[in-house]
Amino acid sequence: FFSADCSHAMAKTASSPPVVLGYVQTMGVEDEEEDPLKGEAPGGVCSWRFTGGIIVVAALFHSCTSLSVKVAGHHFATVQIMWSRYVTQLASMTLLMAAQRTGLPAPAQAGWLVARGLLGLTSLGCHFVAVRMLPLGDAVSLHTTYPVFTALLAPVVLGEVLT
């Protein structure tokens with residue numbers, strides 16, 4: 001999900017600090033050249049500014065999607081809106097995977113991938129119904145509370161420590 005300029009950001013080399021999700025872990029690094037907040041770190045690792053820019057663009061697209069669903073909801077059923085979204089996503093991901101020559105996941109992962117897809121479909125359906133029935137701000141606020149529930153359920157379901 002990085003551009004060609006930052007596709008190497010997920011790799012870890014012996015000469016660079018560990019990389020996590022497009023930014024450099026710089027614990028104890030005193031050298032300003034390796035500060036990810038100041039642009040690109042040595043080795044061309046993506047900066048915090050680049051990663052922050054992606055987050056801002058993603059938030060903008062999410063807002064536009066919710067607004068589009070609110071407007072389209074006056075004319076189309078939720079299932080039709082979801083169908084058009086998923087057909088568009090399928091076409092774009094097929095083109096992306098063909099361009100990158102990425103194959104399908106291994107059969108051992110296919111079951112989890114299908115389960116994740118079904119849960120995502122259900123989540124998006126609930127979000128779209130909420131956007132149609134509630135004021136837009138309320139629906140988006142409710143939809144974005146899932147990290148709180150995830151954090152609260154992780155210790156119970158997965159046995160993880162709440163930090």
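For clarity, every value in this text was computed on a predicted model and none was experimentally measured. Only heavy atoms go into these numbers, but all of them, side chains included; no hydrogens, no water, no symmetry mates.
- Linking Ile, Leu, Val, Met, Phe, Trp and Tyr whenever their side-chain heavy atoms come within less than 4.5 Å puts Leu136 and Val69 in one cluster.
- For Met93, the side-chain contact (heavy atoms from CB on, under 4.5 Å) partners are Gln89, Leu96, not counting sequence neighbours.
- The side-chain contact (heavy atoms from CB on, under 4.5 Å) search around Leu90 returns Thr94, not counting sequence neighbours.
- Taking hydrophobic clusters as Ile, Leu, Val, Met, Phe, Trp and Tyr residues chained together by side-chain heavy-atom distances below 4.5 Å, Leu121 shares a cluster with Ile81.
- Applying the under-4.5 Å side-chain rule to Ile, Leu, Val, Met, Phe, Trp and Tyr, the cluster around Leu152 extends to Val148.
- Pairs of residues two or more places apart, or lying in two chains, that qualify as side-chain hydrogen bond (donor to acceptor under 3.5 Å, both in side chains) and include a residue from residues 129-141 are Thr78-Arg132.
- Rounding to the nearest 0.5 Å places CZ of Arg85 at 5.0 Å from CG of Leu124.
- Annotation: side chain of Ser123 is not in contact with side chain of His127 (no heavy-atom distance under 4.5 Å).
- Remark: Tyr146 OH to Leu153 CG distance equals 14.5 Å, nearest 0.5 Å.
- Minimum interatomic distance between Ser66 and Val131 (heavy atoms only, all atoms of both residues): O-CG1, 3.5 Å.
- Applying the side-chain contact (heavy atoms from CB on, under 4.5 Å) rule to Thr102 yields the partners Met97, Gln100; only residues at least two apart in sequence or on another chain are considered.
- Atom CD1 in Ile55 sits 14.0 Å away from atom CG in Leu60 (nearest 0.5 Å).
- No chain of hydrophobic side-chain contacts below 4.5 Å, direct or via other Ile, Leu, Val, Met, Phe, Trp or Tyr residues, connects Met82 to Leu134.
- Screening residues 70-101 for ring-ring contact (aromatic ring centres under 6.0 Å, His included) gives no qualifying pairs among residues at least two apart or on separate chains.
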